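Side-chain atoms are counted along with the backbone in the values below, which use heavy atoms only and exclude waters and symmetry mates. All values reported here derive from a predicted model rather than from experimental measurement. We count residues from 1, following the sequence as given.
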Amino acid sequence: MANAPLLQAFVEGELGRSADLIARTLAAIQTQLRQPGDTLLNAAERQHHFDLAQALAQHQVTYQRRFVDALRNAVVADMAPSADDTGPTLTHTSGLGGLQLMDENRVESEIGLSRAIQEIDTIAEWELRELQTFTSTLRGQEHTTAESNPLRPRAYAQALAEAAESLPIAPVQQSLLLRVSATAMAPLLKSAWAAATSRLERQGVTPSIYRTVVFAAGAGTRAPAVNITQPGALDALRRTMPEGQSTGAAPGDLDSALSRVEALLSRMPSASGAAAAAAPRLLEHRASLLATTGASVERQVIELIARLFEIIVSDPGLHPTLRSQLGRLQVSALRIALHDPEMLDRHEHPVWVFMARLANAASSYPNVSDARLVALLSFSGHLIDDLTVQGQQGAAQYTRGLAALDTFLEGQLHEQQGAARKSIETLLRAEQADQLQQQLSARLSEQLAPVRTTPAIRRFITGAWAKVLATAMLEHGDTSEVTNSYLKALDDLVWSLQPPDHPQSRQRLLAMLPGMLQRLRAGAASIDLPQAERQAVLDDLVVVHTEALKPGGRPAAAPDQALTPEEIVRQLREETTLPPVDAVPFRDSLIDLGSMDTVPAALMTDTTAVEAEDASDWVNRLAPGVRQRIFLNGRWTQAQLLWRSPRGSYFVYAGEATDRTHSVTQRALERLRKAELLETVEVHSLVQRAVDALIRRLDNPA
C-alpha cells in the first residue's frame, strides 16, 4: 500500500502528539490506582494496585519512552512492510533444542492484547471509522479500508503492552497494567482521533466514500436471512429475485445467448493486476439473457447467479487472479443452475464446493509472491480452462475438478510436512519425554511418600528431576553415562534427606555433597530450570543437610551457638560408629529402569481421561490439513495445520510465509479457543459472504 506525502505528514504529526497522549494516560492510570475501591481492578486484583502505582511512579520515564518508541515502530512497520513480512509468528517460548514453542504464557499475552484492542475499538469506534475515510483519501484510495489507517487500535495496544513489559513487575501485574492502561487511553484516543479528523477537514481533505452497486428496480424487496448450509437456502433466495419482463422468446434462444456471453467473457483479460480489476461480469449481460427466456424461474435463476458472481468477482478478500479465474466460471455455473435444480438446493453441490475450496486454499497465502500461491493459481487456471471448454456442463465435471484440486492440495500439504520434518521430529521426542516424565514422576511420588522433606524439594524431585531423567533417557539412552550420573544424583539426594543417625553416615554425606550438588546443577541446567527454582531447592537443601550433619547424640545448638562447617567436620572425624546393616545399599537405584517403558512405541499408551470442556473436544477433533484463523499480535492470521503429535500434545502449523512454521501446545490451543481467538475457516465462507452481501444490497437498494 503506497504512502502518499500527505499521509506521511499526517502520521508524523500524530506521532509527535504521542508523548502527550501517554503522559495523560499515565496520569489517569495513577489516579485510578490511588483511589480506594477503584473500578479498574476487581477485589482479587487490588492486592497488586500498590505495586503497580509504585512501579509507575518510579519508572514513569521509562514507561512513557517505551510507549512512544514502540508506537512509532509499529506504525512505521505498518506503513513500510518488508517484502517478506507476512505478519507475526506463533512462536515465543524457546526450548526443545532450539525449537520455539507457543505455550500458555504466550497465549495469555495474546488474550490481554486482544482485549486491549477491543477496549479501544469499542470506546472510539465511531471516531476511528470516520478517521479511516480520511486516511483512505490521503492514500489515494477510492474506497474506505481499515488498513488505510496505520494509527489503528492494534498499534496503540501493542505499544502499551511493550511499555508494561518494560517495568520490573510480575507478568500478572503487566497484564493488569495493560488492561488498566487501555481503559484509561480509550477515551483519550476517542478525542484525539476526533481532533485529527477536524484538522484534516480544515486542511480541505474530502473523505472517501463507499462505492455502491445500483440494482434494477424491484431489487429492494426484503430478502430473508439465508444460511447456505440449509437445504434449499439459495432457492429461497432465488424466489426474491425480480422476474423481469417476458418476451416470449424461442426456447433455443437462451442457449445461444449464453454461448455469445460466454464467448464475450472468455475474451476479457484474465491476468493479475489491472486486468484482474476488470474481471468479466455476467451481470453486465443480464439484460440480453433475460430477453431470451419467458420462464419466470429461469429469469430468477439468471438474476441470482449474475448477482452472486458480481459480488464474488468483486470480493476484496480474494487474490486478483483468483477473482478473474472464478469469473470465467459464471456462464458454466449458470448453465448448470438452469438445468440442475440441486445446485440451488444443496450447498454441497460440486460447483459451490469447488469454488469455496479453491478460495479457502488461496486465502492462506497473503503474500502474492508466495511460491505456494503461485503454484496453486497456475494449477487452478489450467483446471478452470478444462472446466469451461467442456461441451456438456454438469455436476460431474466439477466433481472431477474438485478431486483434481484436492489431490493438488494434498500434495502441497505433504510438501510442507516434509519441509517441517525437523520441527515435527523435535516435538515427537518432546511428547515422548513428557509421557516418560509423567511415568517417572508418578514412580518418584510413590518413593517419596514416606520421606519427610520440604515442599520445594519434593516438587523438584517429582517435577524437575523427573524431566531431567526423561530427557537424558531419550537423548542419550537408558544406560548412558549421563543418565546413570543423574540417577546416582537422585539416589544420593533422596538418601541425604534422611540419612541414618550414625557418624559414618554423616561422613558419607559430607563426602558426597560436592559431587551431588554439581550433578544437580548440571541436570537443572539441561532443562533450563529457572534460576529462582534452582536457588529455592539449594536453600532448602542447605538447611536439611546442616541438620543432618549435626551429631544426633548431642543437644541441639542454640541459634547463637550454631556449629560451623569446620566444627562439624572435626566432630565427624572423632566418630567411628558403623551404620546398621539394614541401611539402604548405596548401589541400589531408586528407579528400576527394567520396569520402565522407555521405547517410543511403548510411550504412546492410550489414556482414558475424558476432557469435558468444549475447547478440549474441539482441539481433539483437529486434523492435519485444516485451515484456521488465529489472533496474534493484534491481528488475525491464517495458518494450516500440518501435523499433530500422536497424543495430541503438540501441533505444527504452516505460517503465512513459505519458510515459517508455528509450534503450539495443546493447552495453548485450548486457551485460544476458549477466548474465541482461534477458529476454523469455514469451507463455504466465499459463497456465504456473497449471499450475505446480496441480502444487504436487497435490503438497502441505492
Side-chain angles (χ1 to χ4, degrees), residues 3 5-33 40 52-82 85 88 109-110 112-121 123-124 127-128 131-132 134-135 138 147-169 171 173-200 633-635:
N3 297 322
L6 287 177
L7 177 66
Q8 189 72 40
F10 166 72
V11 170
E12 284 296 332
E14 294 305 308
L15 289 177
R17 297 178 175 87
S18 61
D20 177 67
L21 174 66
I22 189 59
R24 289 187 290 135
T25 300
L26 182 58
I29 296 172
Q30 291 172 325
T31 299
Q32 289 289 340
L33 291 178
L40 292 182
L52 288 177
Q54 187 177 41
L56 285 172
Q58 294 176 351
H59 305 281
Q60 58 179 341
V61 175
T62 300
Y63 181 81
Q64 295 181 71
R65 183 184 298 116
R66 183 66 175 269
F67 172 85
V68 172
D69 293 343
L71 179 63
R72 175 172 290 277
N73 292 338
V75 171
V76 170
D78 185 274
M79 296 183 66
S82 60
D85 180 16
S109 298
E110 294 301 332
L113 184 61
S114 71
R115 289 172 177 169
I117 295 172
Q118 185 179 20
E119 177 71 17
I120 296 173
D121 192 41
I123 298 298
E127 289 74 14
L128 176 63
L131 181 60
Q132 289 169 357
F134 283 86
T135 55
L138 295 178
E147 290 74 17
S148 69
N149 178 23
L151 301 169
R152 296 194 291 275
R154 181 184 69 184
Y156 289 90
Q158 285 179 320
L160 287 174
E162 291 190 32
E165 292 171 359
S166 69
L167 300 184
I169 53 179
Q173 294 170 339
Q174 293 175 354
S175 298
L176 289 175
L177 178 56
L178 173 59
R179 178 162 59 82
V180 172
S181 59
T183 302
M185 179 173 283
L188 299 177
L189 278 175
K190 179 182 177 73
S191 301
W193 286 337
T197 300
S198 299
R199 284 191 294 271
L200 290 173
N633 290 349
R635 77 179 187 95

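Ring orientation note: the planes of Tyr156 and Phe67 are tilted relative to one another, at an angle of 30° to 60°.
Each side chain to side chain donor-acceptor pair (under 3.5 Å) pair with one or both residues in residues 66-77, not counting sequence neighbours, appears once here: Glu12-Arg72. Under the salt bridge (charged side-chain N to carboxylate O under 4.0 Å, His left out) criterion, no residue pair touches residues 52-62, with sequence neighbours excluded.
The side-chain heavy atoms of Gln174 and Leu167, taken from C-beta on, include no pair separated by under 4.5 Å. Contact check for Arg179 versus Glu119: no side-chain heavy atoms found under the 4.5 Å cut-off. The side-chain heavy atoms of Arg24 and Met185, taken from C-beta on, include no pair separated by under 4.5 Å.
A salt bridge between Arg152 and Asp121 is absent, with no side-chain N of the basic residue lying under 4.0 Å from a carboxylate O of the acidic one.
Between the side chain of Arg17 and the backbone N or O of Gly13 there is at least one donor-acceptor pair closer than 3.5 Å.
For CD of Gln118, the number of neighbouring non-hydrogen atoms (other residues, nucleotides, ligands) closer than 6.0 Å is 12 at most.
Partners of Arg115 according to the side chain to side chain donor-acceptor pair (under 3.5 Å) rule, which considers only residues two or more places apart in sequence or in another chain, do not exist here. Here Val68 pairs with Ser18, Ala19, Ile22 under the side-chain contact (heavy atoms from CB on, under 4.5 Å) rule; sequence neighbours left out. Partners of Arg65 by side chain to side chain donor-acceptor pair (under 3.5 Å), not counting sequence neighbours: none found. Partners of Ala196 by side-chain contact (heavy atoms from CB on, under 4.5 Å), not counting sequence neighbours, listed by chain and number: Phe10, Glu14, Leu131, Arg199.
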